[in-house]
K.L.:
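One structure follows; several queries about it will come next.
All ligand and atom numbering here is 1-based and tracks the order in the structure.
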Amino acid sequence: MAADTRRILLVEDEKSIREAVSAYLEREGYWVTPAEDGQVAIEEFSAHRFDLVVLDLMLPKISGEQVCKVIRDASDVPIIMLTAKGETEDRVVGLELGADDYLVKPFSPRELVARVRALLRRAHVGVEPQRDRLVFGSLEIDVAGHKAFLDGNELDLTASEFKLLTTLSRYPGRVYSRMELVEKVLGYDYEGYERTIDSHVKNLRAKLEDDPREPTFIYTVHGVGYRFEPPKTEADA
Ligand code: CA
């Protein structure tokens with residue numbers, strides 16, 4: 001598998017659809033892992049990293065809704081729901097559960113491939129809830145203006161350091177793996193670049209923190225990656 005191959009989890013109990021869709025996606029260069037029921041889907045999802053999930057709504061063992069929920073609780077991977085004609089309400093439920101798109105059966109595999117490509121492109125750019133200004137005690141981030149200030153002094157950050165800081169600080173306390181940070185900050189996924197994130201983090205810390213051994217904003221989560229945690233203020237104490 002090439003380093004930049006996108007991995008897709010395809011959850012569909014109907015063998016003919018599963019095989020046809022699989023063949024189409026593989027022809028487009030995607031790496032496809034098929035799952036024939038909800039349980040296998042969840043097992044596969046917990047065991048591997050996927051770039052996108054194609055998820056049938058009506059599934060044996062564990063329903064597509066349930067699978068969607070489980071995946072959403074753990075990840076913001078793009079999900080395309082497959083629904084049968086007339087399942088309008090279920091479709092709405094799917095989107096409410098956090099699916100990003102849906103296709104009504106019968107659909108053409110070509111249409112699915114187009115949706116997959118579009119969603120992966122969007123995910124690549126990174127659709128995050130946007131806030132223009134983030135303030136954490138002495139640290140202030142002007143997202144729109146691409147500037148960050150510590151104690152009122154503007155920090156001299158590179159584009160990658162700035163992206164790293166905004167990515168981490170949007171969800172304080174959330175742990176990001178190096179791989180996720182590579183994708184979100186550098187915009188590509190290739191395992192060799194995980195170390196690049198470490199050096200960006202190191203440089204960012206040097207600008208943010210007095211003593212890197214005693215972090216005040218960016219914490220290392222051993223074996224996983226990093227998380228942002230604003231310093232406790234007196235109001236929290
Ligand atoms: Ca089905």
Side-chain angles (χ1 to χ4, degrees), residues 1-129 171 174-177 179-180 183-184 189 191:
M1 174 168 82
D4 60 346
T5 300
R6 297 311 188 106
R7 300 185 63 137
I8 297 176
L9 177 61
L10 169 63
V11 192
E12 167 63 67
D13 57 314
E14 257 168 272
K15 193 167 178 248
S16 58
I17 299 181
R18 197 169 63 237
E19 288 178 351
V21 168
S22 234
Y24 257 86
L25 289 171
E26 280 171 357
R27 203 180 310 156
E28 291 294 312
Y30 298 113
W31 179 275
V32 180
T33 301
E36 70 275 14
D37 64 51
Q39 191 167 340
V40 174
I42 289 172
E43 284 165 11
E44 287 289 350
F45 189 81
S46 344
H48 305 284
R49 194 186 62 80
F50 291 98
D51 297 295
L52 186 137
V53 179
V54 177
L55 179 61
D56 185 26
L57 192 60
M58 305 289 273
L59 288 171
K61 294 191 184 167
I62 300 174
S63 74
E65 279 174 55
Q66 201 54 41
V67 174
C68 187
K69 234 182 192 158
V70 169
I71 291 177
R72 251 315 151 259
D73 282 348
S75 148
D76 55 6
V77 65
I79 302 174
I80 300 179
M81 276 276 193
L82 304 178
T83 69
K85 220 175 192 154
E87 290 173 348
T88 319
E89 275 179 37
D90 292 341
R91 193 162 73 202
V92 172
V93 167
L95 293 179
E96 277 175 1
L97 285 174
D100 298 275
D101 200 357
Y102 64 86
L103 267 177
V104 181
K105 289 178 187 174
F107 57 85
S108 80
R110 193 173 302 165
E111 174 65 20
L112 178 65
V113 168
R115 302 283 186 99
V116 164
R117 207 181 289 139
L119 262 183
L120 283 174
R121 204 181 305 131
R122 242 201 281 163
H124 216 57
V125 175
V127 184
E128 301 285 335
Y171 298 98
R174 181 192 188 288
V175 176
Y176 286 90
S177 70
M179 204 58 196
E180 269 181 289
E183 288 175 17
K184 286 183 193 293
D189 65 342
E191 289 174 32

K.L.:
So, 3.0 Å as the limit: is an N/O/S atom of D13 located closer than that to the Ca ion (ligand 1)?
P.N.:
yes
K.L.:
Where the side chain of R110 meets the backbone of Y24, is there a donor-acceptor pair that is under 3.5 Å apart?
P.N.:
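Not at all, since once roles are kept as given, no pair shorter than 3.5 Å links the two residues.
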K.L.:
Output the atom name for the N/O/S atom of D56 with the smallest distance to the Ca ion (ligand 1).
P.N.:
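Per the distance ranking, D56 contributes OD2 as its closest N/O/S atom to the Ca ion (ligand 1).
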K.L.:
Going from NZ on K105 to OG1 on T83, what distance comes out if it is rounded to the nearest 0.5 angstrom?
P.N.:
8.0 Å
K.L.:
Any side-chain to backbone donor/acceptor pair from S46 onto I42? Under 3.5 Å, distance only.
P.N.:
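Flag set: sc S46 to bb I42 pair under 3.5 Å.
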K.L.:
N/O/S of E14 less than 3.0 Å from the Ca ion (ligand 1)?
P.N.:
no
K.L.:
So among L82, V11, D37, which one has a side chain to side chain contact (heavy atoms under 4.5 Å, CB included) with L59?
P.N.:
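Single pass found, and it is V11.
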